Amino acid sequence: MGAGIRLTRTIEQQAGLAAGARLIREANATSFVLLRVKPTDPPSVRRNIDPPAGRIRFRAALSGRDR
């Protein structure tokens with residue numbers, strides 16, 4: 001009940017995701033769901049998150065030039 005939020009749930013396993021989603025979707029009040037995840041190694045592939053480069057890749061994919 002921290003910060004006045006009465007509807008809270010902590011989810012530590014994948015099996016609880018549906019119940020947490022249902023709480024957020026169906027609650028007629030402020031609710032909070034805490035998802036606890038296990039730390040993992042970062043992905044081995046570095047992603048380019050540069051917006052202009054992403055726009056160029058997106059347009060190329062639409063036109064079929066990336067093949």
Side-chain angles (χ1 to χ4, degrees):
M1 259 174 61
I5 300 174
R6 293 184 178 158
L7 299 173
T8 63
R9 177 154 300 148
T10 299
I11 298 173
E12 296 181 7
Q13 296 184 5
Q14 189 171 358
L17 286 176
R22 193 169 35 258
L23 174 70
I24 291 172
R25 196 173 41 249
E26 297 174 359
N28 193 16
T30 303
S31 58
F32 179 81
V33 175
L34 172 65
L35 298 175
R36 294 195 182 266
V37 296
K38 294 180 182 177
T40 60
D41 293 329
S44 59
V45 176
R46 295 211 19 110
R47 291 176 180 83
N48 182 357
I49 58 172
D50 179 49
R55 184 186 74 235
I56 293 167
R57 283 193 316 271
F58 180 73
R59 287 183 177 173
L62 287 178
S63 67
R65 287 182 289 162
D66 66 330
R67 295 179 189 153

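A quick note: this is a predicted structure, and the numbers were derived from the prediction, not measured.
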State, to 0.1 Å, how close Ala53 and Asn48 come at their nearest heavy-atom pair, and which atoms those are. CB-ND2, 3.6 Å
How long is the span from the OG1 atom in Thr10 to the CG atom in Leu34, to the nearest 0.5 Å? 4.5 Å
Here the gap from Lys38 atom NZ to Gln13 atom CD, rounded to the nearest 0.5 Å, amounts to 7.5 Å
Ignoring hydrogens and angles, tell me if any N or O in the side chain of Arg9 forms a donor-acceptor pair with the backbone of Leu23 under 3.5 Å. no
Taking every heavy atom of Gly16 against every heavy atom of Ile11, the minimum-distance pair comes out as O-CD1, 3.2 Å
Any idea which heavy atoms bring Ser63 and Ala60 closest together, and the distance? OG-O, 3.1 Å
